Amino acid sequence: MQITGLFAVAAASKGIFDPCSTVTCGNLVCPTGFTAESVKGHCCPYCVNPNIKVGKVITGPTGSHGGKPSPTCADVFCFPTLCQKETTAPTTTNGLCCPSCPK
């Protein structure tokens with residue numbers, strides 16, 4: 001990482017440093033079909049095969065594991081509580097997204 005001019009002075013005065021400056025990357029040898037690829041925010045390159053497509057692991061809330069959509073909050077799924085007493089239902093005024101156990 002190259003820091004120049006006034007930014008270097010400001011960075012040094014605020015204690016900002018490059019976290020990769022103390023990392024020594026090993027000699028990366030990629031297998032056939034893979035190439036070394038550097039990615040912004042990563043200290044060392046890693047082997048990538050452009051012919052292998054990795055699907056998105058995180059899909060966000062779907063309810064596929066038993067949750068039900070919140071009646072008051074977008075993109076929130078509610079799950080059954082283990083309350084010993086009557087739950088407090090979510091409303092547009094109490095700030096709850098899902099049923100909550102009383103305190």
Side-chain angles (χ1 to χ4, degrees):
M1 182 166 125
Q2 181 179 1
I3 301 175
T4 59
L6 293 175
F7 180 72
V9 173
S13 69
K14 296 204 182 288
I16 297 171
F17 68 97
D18 177 8
C20 295
S21 66
T22 59
V23 174
T24 302
C25 298
N27 182 24
L28 183 64
V29 178
C30 297
T32 303
F34 289 77
T35 56
E37 185 175 298
S38 294
V39 177
K40 184 178 179 179
H42 296 238
C43 294
C44 300
Y46 47 92
C47 297
V48 175
N49 184 331
N51 298 320
I52 297 175
K53 303 297 179 212
V54 178
K56 192 173 181 182
V57 175
I58 300 171
T59 59
T62 63
S64 62
H65 297 287
K68 305 229 180 298
S70 167
T72 56
C73 302
D75 295 328
V76 173
F77 280 75
C78 302
F79 294 87
T81 66
L82 298 175
C83 298
Q84 299 291 325
K85 298 179 180 177
E86 186 77 25
T87 61
T88 302
T91 66
T92 57
T93 57
N94 68 6
L96 295 175
C97 290
C98 297
S100 178
C101 296
K103 293 182 179 184

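We count residues from 1, following the sequence as given. Nothing here was measured: the structure is a model prediction, and the numbers come from that model.
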Closest heavy-atom pair and its distance - [X], [Y]:
X	Y	result
Lys85	Pro102	CB-CG, 3.9 Å
Asn94	Thr88	ND2-CG2, 4.0 Å
Thr81	Thr87	OG1-CG2, 3.4 Å

Self-check item: SG(Cys98) to SG(Cys73) below 2.5 Å
Solution: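 Disulfide absent: SG-SG distance not under 2.5 Å.
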Exercise. Would you mind reporting whether Ser70 and Phe77 have side-chain heavy atoms less than 4.5 Å apart?
Key: no
Mind listing the side-chain donor-acceptor pairs of residues 21-40 below 3.5 Å, one per line with the distance, residues two or more places apart or on another chain?
residue : atom : partner : partner atom : Å
Ser21   : OG   : Asp18   : O            : 2.8

